[in-house]
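So the structure is just underneath, and the comments pick up after that.
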Amino acid sequence: MTNALIVIDVQNDFCPGGALAVPEGDAVVPVINAMMDRFDAVILTQDWHVAGHSSFASSHAGRAPYEVIDMPYGAQVLWPDHCVQGSTGAAFHSDLRVDGDLILRKGFRREIDSYSAFFENDRSTPTGLDGYLRTRGITRLTLVGLATDFCVQYSALDAARLGFDVTVDLAACRGIDLDGSLDAALSAMKAAGITL
Ligand code: VGL
Ligand code: ZN
């Protein structure tokens, strides 16, 4: 059984001082660095939006961050501008080990967001990660990173649905917690058979 560590979005904008700071987001960095050597493969994801991305509140007249709007693919939370391609905010935290096997960028198409490392927010357009992992014979995944209730949760649920054996290591995750989203995420992941 080949075991991969999937490091979700440990980028400056999700750390204290960033545009979409997750409380204690930077606390995961030393924990994740220490975990990396225990895995057969390490994959890092990078939230990677074009300027003017449709998930930014600033792209919608009269809308404020954290409002929810209907997009053609379903409900979408509007965020402060964050993780714009090539910006300092989009860079990995400077202390994060980036000597992994693959860096997967997501959310790069203006008209659709991508929380999950596996599918864009329509839940059906693949990123290709499933094929990458299967081609390498990887069957077990441990997910860590930011944010527990958004990109980590979506990635974990998709991974479970795709048939991977999934663990989310909460000691190496931090959440945003919008209106109870953290508790909801933990319940949904447990219900999907994910090991927490
Ligand atoms: C994320 C909101 C917007 C995340 C990314 O990494 O959890 N959350 N973009
Ligand atoms: Zn984003």
Side-chain angles (χ1 to χ4, degrees), residues 5-29 31-32 35 43-49 53-57 63-71 73-83 89-90 92-93 96 104-107 112-125 127 129 141-162 164-196:
L5 182 67
I6 314 277
V7 181
I8 304 289
D9 297 359
V10 182
Q11 294 166 259
N12 290 323
D13 270 341
F14 298 122
C15 291
L20 179 37
V22 178
E24 300 182 342
D26 56 342
V28 304
V29 172
V31 184
I32 292 171
M35 293 173 77
I43 291 111
L44 302 111
T45 71
Q46 196 170 23
D47 209 40
W48 195 248
H49 299 309
H53 192 262
S54 60
S55 74
F56 297 170
R63 296 292 183 174
Y66 310 108
E67 287 182 23
V68 180
I69 63 165
D70 284 319
M71 294 287 271
Y73 54 82
Q76 172 69 50
V77 179
L78 295 177
W79 303 104
D81 292 24
H82 65 281
C83 296
F92 290 115
H93 186 287
L96 183 71
L104 180 102
R105 289 170 167 168
K106 60 186 181 60
I112 186 168
D113 206 359
S114 187
Y115 293 153
S116 168
F118 292 93
F119 295 100
E120 300 192 48
N121 279 11
D122 59 5
R123 317 307 302 271
S124 61
T125 305
T127 64
L129 182 59
L141 306 178
T142 295
L143 279 77
V144 294
L146 308 172
T148 316
D149 38 350
F150 288 92
C151 291
V152 174
Q153 177 195 201
Y154 276 66
S155 299
L157 292 175
D158 283 344
R161 182 160 59 94
L162 290 167
F164 292 96
D165 176 347
V166 185
T167 297
V168 170
D169 189 334
L170 294 173
C173 296
R174 290 294 185 279
I176 296 175
D177 204 12
L178 284 184
D179 297 326
S181 58
L182 194 49
D183 278 346
L186 298 177
S187 302
M189 290 192 286
K190 265 184 228 159
I194 293 163
T195 304
L196 300 179

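Computation of the quantities below employed the complete heavy-atom set of this structure, encompassing side-chain atoms and omitting hydrogens, waters and symmetry-equivalent molecules.
- Put simply, the side chain of Val10 reaches to within 4.5 Å of the side chain of Val29, judged on heavy atoms.
- Ring geometry for Phe56 versus His53: interplanar angle of 30 to 60°, hence tilted.
- Residues Gln76 and Asp113 bring a donor and an acceptor atom of their side chains to less than 3.5 Å of each other.
- Checked by atom type and distance alone, the side chain of Asp13 pairs as donor or acceptor with a backbone atom of Ala19 at under 3.5 Å.
- Salt bridge status for Asp158 with Arg123: present, with a side-chain N to carboxylate O gap under 4.0 Å.
- Listed here is the closest heavy atom pair of Ser116 and Ser155: CA-OG, 3.5 Å.
- Going from atom CG of Leu104 over to atom OG1 of Thr127 covers 5.0 Å, rounded to the nearest 0.5 Å.
- Gly25 and Pro16 make their closest contact through N-CD, 4.0 Å (heavy atoms, listed as atom of the first residue, atom of the second, distance).
- Asp169 contributes atom CG, which lies 8.5 Å from atom CG of Leu5 (distance to the nearest 0.5 angstrom).
- Contact of the Phe118 side chain with the Phe164 side chain is registered, since non-hydrogen atoms from C-beta on lie closer than 4.5 Å.
- Under the 4.5 Å side-chain criterion, counting only non-hydrogen atoms from C-beta, Val168 is in contact with Cys173.
- For Tyr66 against Val77, the heavy-atom pair with the smallest separation is CA-CG1, 4.0 Å.
- Of the inter-residue distances, the one linking Ile8 atom CD1 with Tyr115 atom OH reads 14.0 Å to the nearest 0.5 angstrom.
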Item to complete: Dump the intermediate steps for side chain to side chain contact (heavy atoms under 4.5 Å, CB included) on Cys83 and Phe14, then the final yes or no.
Response: CA-CA 9 Å; Cys83 296; Phe14 298 122; 3.5 Å; yes
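- Asp122 CG to Ile112 CD1: the interatomic distance, rounded to the nearest 0.5 Å, is 3.5 Å.
- Rounding to the nearest 0.5 Å gives a distance of 11.0 Å between CG of Leu143 and CG of Leu196.
- Shortest non-hydrogen contact noted between Ala64 and Leu78 is O-CB, 4.1 Å.
- Across all non-hydrogen atoms, the minimal contact from Met35 to Ala172 is SD-CB, 4.0 Å.
- Between Ser55 and Met71, every side-chain heavy-atom pair lies at or beyond the 4.5 Å cut-off.
- At least one side-chain heavy atom of Lys106 sits less than 4.5 Å from a side-chain heavy atom of Asp9.
- Remark: Thr195 engages no residue in a side-chain hydrogen bond (donor to acceptor under 3.5 Å, both in side chains) (not counting sequence neighbours).
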Side-chain donor-acceptor distances from residues 179-194 under 3.5 Å, at least two apart:
| unit_1 | atom_1 | unit_2 | atom_2 | d |
| --- | --- | --- | --- | --- |
| Ser181 | OG | Asp149 | OD2 | 2.7 |
| Ser181 | OG | Leu178 | N | 2.8 |
| Ser181 | OG | Leu178 | O | 3.2 |
| Ser187 | OG | Asp183 | O | 3.1 |

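- How far CD of Glu24 is from SG of Cys15: 11.5 Å, rounded to the nearest 0.5 Å.
- For Thr45 against Gln11, the heavy-atom pair with the smallest separation is O-OE1, 4.3 Å.
- The shortest distance between side-chain heavy atoms of Asp47 and Trp79 does not fall below 4.5 Å.
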